[in-house]
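Below: the structure, in structure tokens.
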Amino acid sequence: TEYSYADFFKLRYSLNAPNVKSSLPVKLWELKFLTNMKQVFQKYSHPECDIDSGLSITYAVSSSIDIEMDENLKLDEKLITCTFVIIFIMASILMTLGTTCVTSPGMLLPMAGIYSALFGLSSAFGFLSLIGFKACNLSFVAPFLVIGVGIDDMFIIYSAYMNCVKESSTSRFQDIDLSELMSRSLKRSGVSITITSLTDFSAFMVGLISDFPSVQIFCAYIGVSIIFCYIYQLTIFAGFLCIHTVRIKKVNKILDEYV
């Protein structure tokens, strides 16, 4: 008689949780199970343990993916902080190129653009939570994508603004009409950022028809965040651009009086 051996053996235990109230004992049981299994592994993986069965054992529960993602988010906190610092430094350097000590935006405009994107994220998360839309750990990837879109819109608006300043009919900056300058800048950049934001929003909204709830949640949070980010770039960042223009005009007026 020939015997055949299984390559693996799987044990699965289904816990009954018909409603939300009864799901708490299930979660507690899963956490206790994970704790006990870690202790078992630590015991039999100790060098002084003589047991060598040749078995490779793995274990998981229904919330294992969420637990691992939470752990990864905690480990990546320093990387996330470094990412925002690098983005801020690069934005400050790039927006300073081609300017003087008077016309340089310094930290004002980069902070306004980055915070406009962050405000878009917070508004989207608050709005979706208000209407009862659930969140998942995957939705916390949104900051990286939305910050990228927001920074792109910021550079497009600022580039159009600088081009309009150079193309101005008057050679004196303080003689430039602020309302005309901003209207021309937003008119030139508005088409680009509007098309980009609408296409990105539409692409993520298609994800709502997916059969996977996590994909639906991820796409909803990203799509709504992009719309809020678009609105805030046209209002908050454009407003700070007006403040930047007024500051330059005042400085140039003072220089004309004393030079």
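The structure presented is a predicted model; accordingly, all values stated were derived computationally and were not measured. Throughout, residue positions are numbered sequentially from 1 according to the sequence presented.
Using a distance-only test at 3.5 Å, with no hydrogens or angles considered, no donor-acceptor pair links the side chain of Q216 to the main chain of G207. A donor-acceptor contact shorter than 3.5 Å links the side chain of Q233 to the backbone of G113. For the pair N163 (side chain) and S159 (backbone), a donor-acceptor distance under 3.5 Å is present.
Here the CG-NZ distance, from N36 to K32, works out to 5.0 Å after rounding to the nearest 0.5 Å. Atom CD1 in I217 sits 13.5 Å away from atom CZ in F212 (nearest 0.5 Å). Taking CE of M182 as the start and CG of L241 as the end, the distance is 4.5 Å to the nearest 0.5 Å. Taking CZ of F240 as the reference point, atom CG of L108 lies at 6.0 Å (rounded to 0.5 Å). Distance check: M107 CE to I89 CD1 gives 11.5 Å after rounding to the nearest 0.5 Å.
For the pair I193/L234, a side-chain contact is recorded, criterion being any heavy-atom separation below 4.5 Å from C-beta on.
At most 12 non-hydrogen atoms from other residues, nucleotides or ligands lie less than 6.0 angstrom from CZ of F127. Residue F133 places its CZ atom among more than 12 non-hydrogen atoms of other residues, nucleotides or ligands, all under 6.0 Å distant. Residue M205 qualifies as enclosed at atom CE: its count of foreign heavy atoms under 6.0 Å is above 12.
Listed here is the closest heavy atom pair of M154 and L109: SD-O, 3.8 Å. Across S185 and L181, no two heavy atoms sit closer than the pair OG-O, 2.8 Å. In this structure, C229 and G150 approach most closely via the heavy-atom pair SG-CA, 3.4 Å. In plain terms, the two heavy atoms of I147 and I114 that are nearest each other are CD1-O, 4.2 Å. Between T196 and T199, the closest heavy-atom pair is O-OG1, 2.8 Å.
Residue I86 is found in a hydrophobic cluster whose other members, listed by chain and number, are M90; membership requires side-chain heavy atoms under 4.5 Å apart, directly or through intermediates. Here I195 sits in one hydrophobic cluster together with V191; the rule is ILVMFWY side chains under 4.5 Å apart, joined directly or through other members.
For residues 116-132, every residue pair satisfying the side-chain hydrogen bond (donor to acceptor under 3.5 Å, both in side chains) rule, not counting sequence neighbours, is listed here: S123-Y232. The list of salt bridge (charged side-chain N to carboxylate O under 4.0 Å, His left out) pairs with a residue in residues 187-208, not counting sequence neighbours, reads E167-R188.
Hydrophobic clustering, with ILVMFWY side chains joined whenever heavy atoms are under 4.5 angstrom apart, keeps I156 apart from L198.
Checked by atom type, the side-chain pair Y161/T245 shows a donor-acceptor distance below 3.5 Å.
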Run the numbers on I236 and Y115 for side chain to side chain contact (heavy atoms under 4.5 Å, CB included), then give the verdict.
CA-CA 9 Å; I236 297 177; Y115 275 102; over 6 Å; no

CA sep, side-chain torsions, deciding dist, call: M95, F155, side chain to side chain contact (heavy atoms under 4.5 Å, CB included)
CA-CA 8 Å; M95 296 182 75; F155 279 119; 3.6 Å; yes

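Y221 meets the ring pair (Phe, Tyr, Trp, His ring centres under 6.0 Å) test with F125; sequence neighbours excluded. Considering only residues two or more places apart in sequence or on other chains, C219 meets the side chain to side chain contact (heavy atoms under 4.5 Å, CB included) condition with F204, V215.
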